[in-house]
Amino acid sequence: LSPESIEPHLHDFRIRVVPGGAPLLLERQWYCVLVGVVEVVRFVLPAANQAASASPPSRNFQGLPPALLTPPAIDMVGRLPDGATFCAGDTFGPAGDEWLVAGSGGVELLCLPLKAYRSLQLNAADLRTQTEDVEELLGRTPLLQCCPKRVLRSVVDLLEKREACFGHDALRKWQGLCIISTGNLQILDMPGEGRGT
């Protein structure tokens, strides 16, 4: 993404700090880990024989299975380090039912609402398509068609898109190299000037 495409959305970005060991409940946001580690954990039920030994029958008044009376163990299955990104709706771990928990030192996250994130993605895709179209146009221009692609990419940043209406003298108005992308430029002899414009 270019700085120009991000700039309109700068006011939407937020920093969120989650203390160590606290669960990270995902809201409708895009997240990037700035500082710290996010742990991917899952709850593991104890084996049936362990649950039976941990739960005395006298306390099971509701007749629940022993496994439901024993607190589950927490098993860490992965980590999201600095620079990792994720969104609300993403799944984590091999089973896809894992939770996110801030690492022992806490975690600092960069957040962006999903609506702004989707808009940013669309703008970037549009900009990429426009850049590719301009590169193709430059490649067909006789003056630049022998230039390597890296040179054409650098020229794209120097171009200004302008429009001329019927009757306007575009060449006199705009100094420099003009490349016609759509339409026609008619060369006329202006009376008393002795040259075409």
Side-chain angles (χ1 to χ4, degrees), residues 1-135 153-154 156-157 161:
L1 296 175
S2 66
E4 292 79 14
S5 61
I6 295 175
E7 188 175 356
H9 298 281
L10 281 178
H11 65 279
D12 292 318
F13 284 93
R14 300 285 182 267
I15 300 291
R16 180 176 172 190
V17 178
V18 183
L24 176 57
L25 303 177
L26 300 184
E27 302 168 359
R28 294 190 55 76
Q29 305 266 341
W30 168 88
Y31 298 92
C32 176
V33 181
L34 294 179
V35 179
V37 173
V38 176
E39 297 177 348
V40 182
V41 302
R42 67 185 313 231
F43 297 105
V44 181
L45 292 176
N49 56 356
Q50 292 176 339
S53 62
S55 305
S58 59
R59 297 188 62 196
N60 188 2
F61 300 112
Q62 295 86 9
L64 296 173
L68 294 180
L69 299 174
T70 306
I74 296 178
D75 183 26
M76 188 175 71
V77 295
R79 291 172 175 261
L80 302 177
D82 292 358
T85 60
F86 51 94
C87 294
D90 287 353
T91 56
F92 305 94
D97 62 348
E98 283 72 11
W99 290 69
L100 300 180
V101 175
S104 58
V107 68
E108 192 172 309
L109 302 165
L110 179 66
C111 308
L112 179 67
L114 275 183
K115 185 176 180 181
Y117 176 66
R118 304 286 185 231
S119 172
L120 193 58
Q121 282 184 315
L122 290 173
N123 292 344
D126 289 345
L127 185 62
R128 194 163 37 250
T129 302
Q130 290 173 10
T131 302
E132 289 169 358
D133 291 345
V134 172
E135 282 181 25
R153 284 193 201 100
S154 63
V156 169
D157 297 332
K161 186 174 182 180

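Residue numbers start at 1 and run along the sequence shown.
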Quiz prompt | Rounded distance [0.5 Å steps], CG in Leu112 versus OH in Tyr31 | solution = 11.0 Å

Quiz item: Could you give the distance from CZ (Arg16) to CD (Gln29), rounded to the nearest 0.5 Å?
Solution: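 The CZ atom of Arg16 sits 8.0 Å away from the CD atom of Gln29.
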
Between [X] and [Y], which heavy-atom pair has the shortest distance, and what is it?
X	Y	value
Leu26	Cys87	CD1-O, 3.7 Å
Arg28	Ala88	CA-CB, 3.9 Å
Asp12	Ala116	OD2-CB, 3.6 Å
Leu80	Phe92	CD1-CE2, 4.1 Å
Pro19	Ala102	O-CB, 3.2 Å

Practice problem: Would you mind telling me which of Thr85, Val18, Val35 makes a side-chain contact (heavy atoms from CB on, under 4.5 Å) with Leu109? | Solution: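 Single side-chain contact (heavy atoms from CB on, under 4.5 Å) partner of Leu109 among Thr85, Val18, Val35: Val18.
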
Would you mind reporting whether [Y] and [X] have side-chain heavy atoms less than 4.5 Å apart?
X	Y	answer
Leu110	Ile15	yes
Trp99	Leu25	yes
Val40	Leu100	yes

Quiz item: Do the rings of Trp30 and Phe13 sit parallel, tilted or perpendicular, given the 30° and 60° boundaries?
Solution: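 Rings of Trp30 and Phe13: perpendicular, over 60°.
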
